[in-house]
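These numbers come from the heavy atoms of this one structure, side chains and all, not from hydrogens, waters or symmetry mates. Since the model is a prediction, treat every value here as computed from it, not as a measurement. Each ligand, and each atom within it, is numbered from 1 in the order the structure gives.
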Amino acid sequence: MQAKLTIDLAAIVANWRALARTEETAAVVKADAYGLGLAPVAKALAKAGARTFFVAQTEEGVALRNVLGPGAEIFVFGGLMAGDEAAFRDFELVPCLNSIEQAQRFAVAPTGRYALQLDTGMNRLGLEPADLGHLPDLGSPVLTMSHLACADEPDHPQNAAQLSCFQEIAGTGRRSLAATGGTLLGADYHFEMTRPGIGLYGGLPFAAAQPVVTLSLPVIQIREVAAGEAVGYGASYVADRPRRIATLSAGYADGLIRAMSGGATLWAGDTPCPLAGRVSMDLLTVDVTEAGAPEWLDILGPHQGVDALADAAGTIGYEVLTSLGGRYARSYTT
Ligand SMILES: *Cc1c(COP(=O)(O)O)cnc(C)c1O
């Protein structure tokens, strides 16, 4: 029996619309649309009017072109890697050139249009301000962009510092600085294009997002456990009084990471049921004493979103989403 992962495409579209602040709101669909499925997510967004998409890697761009066909503009954050020139040309992908080396590669074998990614203080990807005088002559970029390191902390001084650096070096064409967090920092950060990712998928820092994901796990077996009996690997959970323990079909191989052990809660309808003991590879053990004999429990749903579950495991919603495994029965609602 497979667990059921339900993805609400209408909520993704609604979140995309709710994040629109400028003429152009792109959609970041890297990493299989944050684990939720590149093809259905990108098609739904394109149908709703999205024309500009970002992925991280060349292969993701090729896959996205095959999904969307001609017309959509597809940017690749990782830029132009050696050996990928033909893919960029054939699939009309736009590289975000990140270094002098990538710019020289593009100058030798131009693949079409290009973007420039500038480093304004994150020191991860992008040309340094001092590199800009050393670029080969490539004509004008179709986009100049940079990325904020601290946009999920509105009061962090690095936001304003990166903004003023970007204002100084980005020129006047089509510019983009804001992902989800930057979109929420205010109009100064929007420029001509915003490019949210996590907010589309219902994650923080977009606190007003509509929830997108429901994950329901089937119960395989229920047993009564006496006071003093232990449950699961390492016998880390010991019943303090008689408890009813349900064993559910999903585990860390499905992205329900082991760090959730002892911290996460599942829901039988409106009844919270704490995880009892450690997460196994394929199984969870849950205290359903207060819930009767449920046949399914939700680990993501109306009572617990991706960020609440992430909190229980000491991580972030991004990681919960992108870890969701391949063994779920996935369905999409529109
Ligand atoms: C992932 C990514 C985004 C989207 O970020 P979110 O926080 O998910 O909105 C935007 N820009 C760059 C460069 C990224 O790597």
Side-chain angles (χ1 to χ4, degrees), residues 12 15-22 24-36 38 41-42 45 50 52-58 60-61 64 73-81 93-99 102 114-127 141 143-154 156 158-159 162-163 165-166 170 174-186 189-210 212-213 305-307 310 315-324:
I12 294 176
N15 290 333
W16 179 70
R17 293 206 169 106
L19 283 166
R21 298 287 186 282
T22 54
E24 186 176 14
T25 307
V28 179
V29 293
K30 62 192 180 186
D32 198 32
Y34 290 48
L36 300 184
L38 178 65
V41 168
L45 287 165
T52 313
F53 295 85
F54 286 86
V55 295
Q57 300 174 356
T58 312
E60 296 177 331
L64 181 58
E73 191 174 27
I74 301 173
F75 291 96
V76 179
F77 286 135
L80 186 60
M81 304 289 283
L93 309 178
V94 185
C96 300
L97 300 179
N98 287 306
S99 61
Q102 288 197 353
Y114 76 97
L116 283 183
Q117 176 152 213
L118 308 179
D119 176 51
T120 53
M122 188 173 188
N123 286 303
R124 189 179 67 167
L125 275 182
L127 292 143
L143 176 72
T144 303
M145 57 162 291
S146 187
H147 193 51
L148 297 166
C150 307
D152 57 345
E153 296 175 58
H156 199 293
Q158 188 162 326
N159 294 321
Q162 287 195 250
L163 174 62
C165 177
F166 190 64
R174 182 180 178 215
R175 297 162 295 178
S176 178
L177 178 61
T180 302
T183 300
L184 301 170
L185 288 179
Y189 289 83
H190 297 158
F191 296 91
E192 284 70 35
M193 179 213 289
T194 57
R195 35 169 229 280
I198 191 70
L200 310 179
Y201 310 107
L204 288 175
F206 187 29
Q210 289 190 23
V212 167
V213 181
V306 290
D307 290 287
T315 182
I316 54 176
Y318 297 74
E319 194 177 23
V320 168
L321 285 175
T322 56
S323 299
L324 293 171

Would [X] and [Y] count as having a side-chain donor-acceptor pair, cut-off 3.5 Å?
X: Asn98; Y: Gln117; value: yes
X: Thr52; Y: Glu24; value: yes
X: Ser176; Y: Arg195; value: yes

* To do: Kindly write out the residues that satisfy salt bridge (Lys or Arg N to Asp or Glu O under 4.0 Å) with Glu73, not counting sequence neighbours, or none if the list is empty.
  => Arg113, Arg174
I'd like a table of the close N/O pairs between ligand 1 and the protein (anything under 3.5 Å), one pair per line with both atom names and the distance.
residue  : atom   : partner : partner atom : Å
ligand 1 : 7 (O)  : Tyr318  : OH           : 2.6
ligand 1 : 8 (O)  : Tyr34   : OH           : 2.5
ligand 1 : 8 (O)  : Ile198  : N            : 2.7
ligand 1 : 9 (O)  : Thr180  : N            : 2.9
ligand 1 : 9 (O)  : Thr180  : OG1          : 2.5
ligand 1 : 9 (O)  : Gly197  : N            : 2.8
ligand 1 : 9 (O)  : Ile198  : N            : 3.4
ligand 1 : 11 (N) : His147  : ND1          : 3.3
ligand 1 : 11 (N) : Arg195  : NE           : 2.9
ligand 1 : 11 (N) : Arg195  : NH2          : 3.1
ligand 1 : 15 (O) : Lys30   : NZ           : 2.8
ligand 1 : 15 (O) : Arg124  : NH2          : 3.4

* Asked: Listed by chain and number, what are the ring-ring contact (aromatic ring centres under 6.0 Å, His included) partners of Phe77, not counting sequence neighbours?
  -> Phe54
* Excluding sequence neighbours, so at least two apart, what forms side chain to side chain donor-acceptor pair (under 3.5 Å) with Arg175? -> Glu192
